[in-house]
Trainee: 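Shown below is the structure under consideration.
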2 protein chains.
Amino acid sequence: MSVTARSAAKREAILHAAADLFIEKGYDKVSVDAIVQEVGGSKANIYTYFGSKEGLFKAIVAHCCEELLEPLSRADIADLSPREALNAIGCRFLSVVLAPRTIALYRLVVSESPQFPKLGQLFYEAGPEVSFQRLAAYLSQQQAMGRLRSADPKQAATQFFGMLLCYSQMRLLLAVTSPFSEEYIAALVEDAVEVFLKGYAQ
Amino acid sequence: MSVTARSAAKREAILHAAADLFIEKGYDKVSVDAIVQEVGGSKANIYTYFGSKEGLFKAIVAHCCEELLEPLSRADIADLSPREALNAIGCRFLSVVLAPRTIALYRLVVSESPQFPKLGQLFYEAGPEVSFQRLAAYLSQQQAMGRLRSADPKQAATQFFGMLLCYSQMRLLLAVTSPFSEEYIAALVEDAVEVFLKGYAQ
DNA sequence: TATGGTATGTACTGTACAGTACAGTATTAA
DNA sequence: TTAATACTGTACTGTACAGTACATACCATA
């Protein structure tokens, strides 16, 4: 291994081990010593690679946002019928956003966003916002084709995702339920699509 | 002041001062000494009245849930038409749940619910759940009267609130926007009511 | 005005933690 | 083999904090 690849690997190892800890326990409940113990090696690494606990935390959140929310930017629905498109994007969105690790990341970002406001923005733009924009673009196109009544497409998109997400996400965040199955998610989406299509029919 | 009223007043004073601090900064970022400094008096009070920092925290969250979410259990919509009822309950719900202090409380509860699972339950049952149940009961009654198509009323209720709430609440939680005006809220509700009524028309 | 519960101030204990220092060891590249 | 770079282990500093102890001051009530 080259000398640069060596340090890159170490950096990665820290990033991954610390990500698991932060996502599981939260920022304040994880000490730098605990991270060192998990990843092995020495405390000095963390400070040479990330400067501070805060620097490490920010790097991790950025990394996890990309990693966890990336599937949201790969949905291609342009050529589908409204029902198919809403079903497809809805299922993908929900199964990403309700995944236990995403919920834990969201909880973490929400907790720390008053202290580190950039993180909230980062999460929002890497995840929800891309989905909203994508669906809004699709809806706008369908409106132009006369397949849906005309209305603010961005708002319609947020209504659709809200209808899907809000209740289940809230219950997961408040720890009043356990994670959901794919079948349950699919049923949620079916019902919401039904209401949305009727609500926005031409 | 009687001797018991004296201590009750002290207890109240602690509760209020500490509530503001916890809601503003979060559980870990507020030291017991900081609370004492805010409320005046001595540290011993806190430990005689609440036993521990954790005990104080739980008392505060319970108190704030009642205080902030109480308006949700006072909506009376039984005799209104669907459009009026949805508008009324929607506006009330949103103006409570999107209020800055409610958002801060929700953030706090979400942050700490892995550590104190009862708090999540408490919040959920004092707030969202009563609204869901209330609207579900109304919808069920309207379905029986043939004014709405028949469908799972609880699910329909959560869809309605989700449509209203999800996007705006998320943006507040992630600190990517500033609080909303009553007019903005009213407009959100109008649009959601429109979609909901079409979606659940007989 | 004497008494008992209540409040205050201050000082203390033990612990946990972020961040630093540094001497020594491993690994790579010439 | 040598020099440069990166990694390790351990020990340390300073600080912040939860919780305790206690002596003193307050105040309602009888």
Side-chain angles (χ1 to χ4, degrees), chain A residues 1-62 108 111-112 114-116 118-119, chain B residues 1-62 108 111-112 114-116 118-119:
Chain A
M1 208 191 305
S2 79
V3 76
T4 56
R6 220 176 121 215
S7 49
K10 193 74 208 181
R11 195 177 182 281
E12 278 287 294
I14 294 169
L15 215 51
H16 279 88
D20 290 348
L21 286 172
F22 279 135
I23 284 181
E24 188 194 348
K25 296 181 200 276
Y27 181 69
D28 293 300
K29 306 264 173 350
V30 174
S31 70
V32 176
D33 289 292
I35 297 167
V36 170
Q37 192 161 15
E38 185 67 27
V39 75
S42 161
K43 214 170 173 177
N45 293 318
I46 288 176
Y47 288 90
T48 55
Y49 288 124
F50 301 99
S52 64
K53 187 186 180 185
E54 188 179 321
L56 172 59
F57 181 66
K58 287 178 177 168
I60 282 170
V61 172
L108 191 59
S111 304
E112 304 303 328
Q115 214 190 343
F116 309 126
K118 281 185 192 164
L119 294 185
Chain B
M1 207 189 307
S2 80
V3 77
T4 55
R6 220 177 119 216
S7 50
K10 194 74 209 180
R11 195 177 182 280
E12 278 287 293
I14 294 169
L15 216 50
H16 279 87
D20 290 347
L21 287 172
F22 279 135
I23 284 181
E24 189 193 347
K25 297 179 198 277
Y27 181 69
D28 293 300
K29 306 259 173 354
V30 175
S31 70
V32 176
D33 289 293
I35 296 168
V36 171
Q37 193 160 14
E38 186 68 27
V39 76
S42 161
K43 213 169 172 178
N45 293 318
I46 288 177
Y47 287 91
T48 55
Y49 287 123
F50 301 98
S52 64
K53 186 185 180 185
E54 188 178 322
L56 172 58
F57 181 65
K58 286 179 177 168
I60 283 171
V61 172
L108 191 59
S111 305
E112 303 303 329
Q115 213 190 343
F116 308 127
K118 280 183 193 165
L119 294 186

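Chain letters run A, B, ... following the sequence lines, proteins first, then strands; residues in each count from 1.
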Trainee: Dump the pairs, protein N or O against N or O of nucleotides 20-23 of chain C, anything under 3.5 Å, distances to one decimal.
Mentor:
none

Trainee: Nearest to the side chain of Lys10(A) - dG19(C), dA6(D), dT8(D)?
Mentor: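 Among dG19(C), dA6(D), dT8(D), the one nearest the side chain of Lys10(A) is dT8(D).
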Trainee: Does anything in residues 51-61 of chain A pair up under side-chain hydrogen bond (donor to acceptor under 3.5 Å, both in side chains), and if so which pairs, sequence neighbours excluded?
Mentor: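 Residue pairs with at least one partner in residues 51-61 of chain A: Glu54(A)-Lys58(A).
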Trainee: Answer yes or no: does a side-chain N or O of Tyr49(A) lie under 4.0 Å from OP1 or OP2 of dA6(D)?
Mentor: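 For dA6(D), OP1/OP2 do not have a side-chain N/O of Tyr49(A) under 4.0 Å.
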Trainee: Please output the side-chain donor-acceptor pairs of residues 31-41 of chain A that fall under 3.5 Å, not counting sequence neighbours, one pair per line with the distance.
Mentor:
| residue | atom | partner | partner atom | Å |
| --- | --- | --- | --- | --- |
| Ser31(A) | OG | Ala34(A) | N | 3.0 |
| Asp33(A) | OD1 | Lys43(A) | NZ | 3.4 |
| Asp33(A) | OD2 | Lys43(A) | NZ | 3.4 |

Trainee: Between dA7(C) atom P and Ile46(B) atom CD1, what is the distance in whole Å?
Mentor: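 Going from CD1 in Ile46(B) over to P in dA7(C) covers 12 Å.
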Trainee: Hey, could you give me the CG/OG distance between Asp28(B) and Ser111(A), rounded to the nearest 0.5 Å?
Mentor: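 Separation between the atoms: 9.5 Å.
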Trainee: How long is the line joining CD of Gln37(A) and P of dT10(D), in whole Å?
Mentor: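 Roughly 12 Å, once rounded to whole Å.
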Trainee: Please report the C-alpha distance between Leu56(B) and Phe22(B) in whole Å, then the side-chain angles of each, then the deciding distance to 0.1 Å, and finally whether the side-chain contact (heavy atoms from CB on, under 4.5 Å) criterion is met.
Mentor: CA-CA 10 Å; Leu56(B) 172 58; Phe22(B) 279 135; 4.3 Å; yes
Trainee: If I take atom CD1 in residue Ile35(A) and atom P in nucleotide dG19(C), what distance separates them, rounded to the nearest angstrom?
Mentor: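 It works out to 11 Å between those atoms.
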Trainee: Less than 4.5 Å apart, any side-chain heavy atom of Lys29(A) and any of Gln115(B)?
Mentor: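 Heavy-atom side-chain distance check passes, below 4.5 Å.
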Trainee: Side-chain N or O of Asn45(A) versus OP1/OP2 of dA6(D): is the shortest distance under 4.0 Å?
Mentor: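 False: Asn45(A) side-chain N/O out of range (4.0 Å or more) of dA6(D) OP1/OP2.
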Trainee: Determine the interplanar angle of the Phe57(B) and Tyr27(B) rings, folded into 0 to 90°, and report it as parallel if under 30°, tilted if 30 to 60°, perpendicular if over 60°.
Mentor: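 Taking Tyr27(B) first and then Phe57(B), their aromatic rings sit tilted (interplane angle of 30° to 60°).
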Trainee: Under 3.5 Å, sequence neighbours excluded: what are the donor-acceptor pairs made by side chains of residues 11-21 of chain A?
Mentor:
| residue | atom | partner | partner atom | Å |
| --- | --- | --- | --- | --- |
| His16(A) | ND1 | Glu12(A) | O | 3.0 |
| Asp20(A) | OD1 | Arg101(A) | NH1 | 3.1 |
| Asp20(A) | OD1 | Arg101(A) | NH2 | 3.4 |

Trainee: Measure CG/Asp33(A) against C1'/dG9(D) and give the value in whole Å, please.
Mentor: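 So the two atoms are 12 Å apart, to the nearest Å.
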Trainee: Residues of residues 20-32 of chain B with any non-hydrogen atom less than 4.0 angstrom from an atom of DNA chain D: list those, numerically ordered, please.
Mentor: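 When residues 20-32 of chain B is checked for heavy atoms under 4.0 Å from DNA chain D, the hits, listed by number, are Val30(B), Ser31(B), Val32(B).
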Trainee: For Tyr49(A), give me all partners under ring pair (Phe, Tyr, Trp, His ring centres under 6.0 Å), at least two apart in sequence or on another chain.
Mentor: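 Result, ring pair (Phe, Tyr, Trp, His ring centres under 6.0 Å) vs Tyr49(A): none returned.
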